[in-house]
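Inspection log for the structure reproduced underneath, given as structure tokens.
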Amino acid sequence: MRIRVGHLYPEYLNIYADRGNIAVLARRAALRGHELDVDSVSVADSLSADGYDLLYIGGGQDREQALVAPDLAAKAQAIDAAVRDGAALLAVCGGYQLLGRGYRGQDGSFMAGTGLFPHETAAGNRRMIGDVLLSCELVTGEPRTLAGFENHAGRTRLDPDAVPLGRVIAGFGNDGESGHEGCVVGHAVGTYLHGPLLPRNPWLADLLLSWALSHAKGTTPEPLATLPDHLEQVAHDVAALRARDRGGRS
Ligand code: GLN
């Protein structure tokens, strides 16, 4: 099966090698006999709502975010329609912020977002940096942990009815206070976790792939065949240990 991936602004939003997440998706798809067809969708490129099974947007500094924000806002309807239609989406840090209602950056200027995620973000004075560990349950009855790295000035406040990606076991998360990290809308996942995120959290890579595949086939999502993830598990555990050493919340 061909899985069509739209990678938004790869040349602007790729802090901490966020594009490594695409490499993981491509490899894990190939190991199941599927092919990832990745298009770069950048400033002034058109985005069709039914063009992709998975959309991806990485993180970036305020300066890069300001360069893409107006163009991304113009793509809001297509992104919304794609997610409503069941396409998968992964947004990391700067991209996650800009898919909310907006981000007030360090210099006080406001960048309007697309409004996909029910949240707003404003930069604070202290950056929130370090390893993070979350507990998540994206599929009911299947609790998982997610290990990653965060580095952001933005504090993201979720609306009261928003669904967070996970609960912070160690680290700051969305705002350093709520105990929530990230946000989920349909098959769209937003998070502050860089790293890249997917090499050490293969369960999330596979969940996104199963959503993308179901969108491509027009069927309901099915779990993918398991892979021997020993190295990935070790990478996860090392990051989780570093996060726990950092101290956390319960
Ligand atoms: N510029 C944003 C912030 O500092 C996002 C940073 C990032 O993507 N790492 O909050």
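These values consider heavy atoms only, across backbone and side chains, with no hydrogens, waters or symmetry-generated copies. If you're wondering where the values come from, they're calculated on a predicted model, not measured in any experiment. As the structure lists them, so they are numbered: ligands from 1, and atoms in each ligand from 1.
For R127, the closest heavy-atom approach to ligand 1 falls below 4.0 Å. Under a 4.0 angstrom heavy-atom cut-off, E150 registers as lying outside contact with ligand 1.
At under 3.5 Å, a nitrogen or oxygen of A153, whether backbone or side chain, sits near a nitrogen or oxygen of ligand 1. An N or O contact shorter than 3.5 Å links G60 to ligand 1 by distance. In terms of polar-atom proximity, Y16 is not counted as a contact of ligand 1, lacking any N or O under 3.5 Å from an N or O of the ligand.
When ring centroids are compared, Y192 and H152 come within the 6.0 Å threshold.
Judged as a ring pair (Phe, Tyr, Trp, His ring centres under 6.0 Å), and not counting sequence neighbours, the contacts of H119 are Y96, F117.
Note that CD1 of I3 is 12.0 Å distant from NE2 of H215, once rounded to the nearest 0.5 Å.
Near N151, meaning under 4.0 Å from any of its heavy atoms, are these atoms of ligand 1: 6 (C), 7 (C), 9 (N). Distances below 4.0 Å separate heavy atoms of G59 from the following atoms of ligand 1: 8 (O). Every atom of ligand 1 with a heavy atom of Y103 under 4.0 Å away is listed here by number and element: 1 (N), 2 (C), 3 (C), 4 (O), 10 (O). In summary, the atoms of ligand 1 found under 4.0 Å from a heavy atom of Q65, numbered by their order in the structure, are 1 (N), 2 (C), 5 (C). If you number the atoms of ligand 1 from 1 as listed, the ones under 4.0 Å from a heavy atom of H194 come out as 7 (C), 8 (O), 9 (N).
Under 4.0 angstrom from ligand 1, the non-hydrogen atoms of Q61 all belong to its backbone.
When each of R155, R101, R104 is checked for a salt bridge (Lys or Arg N to Asp or Glu O under 4.0 Å) with E120, only R101 meets the rule.
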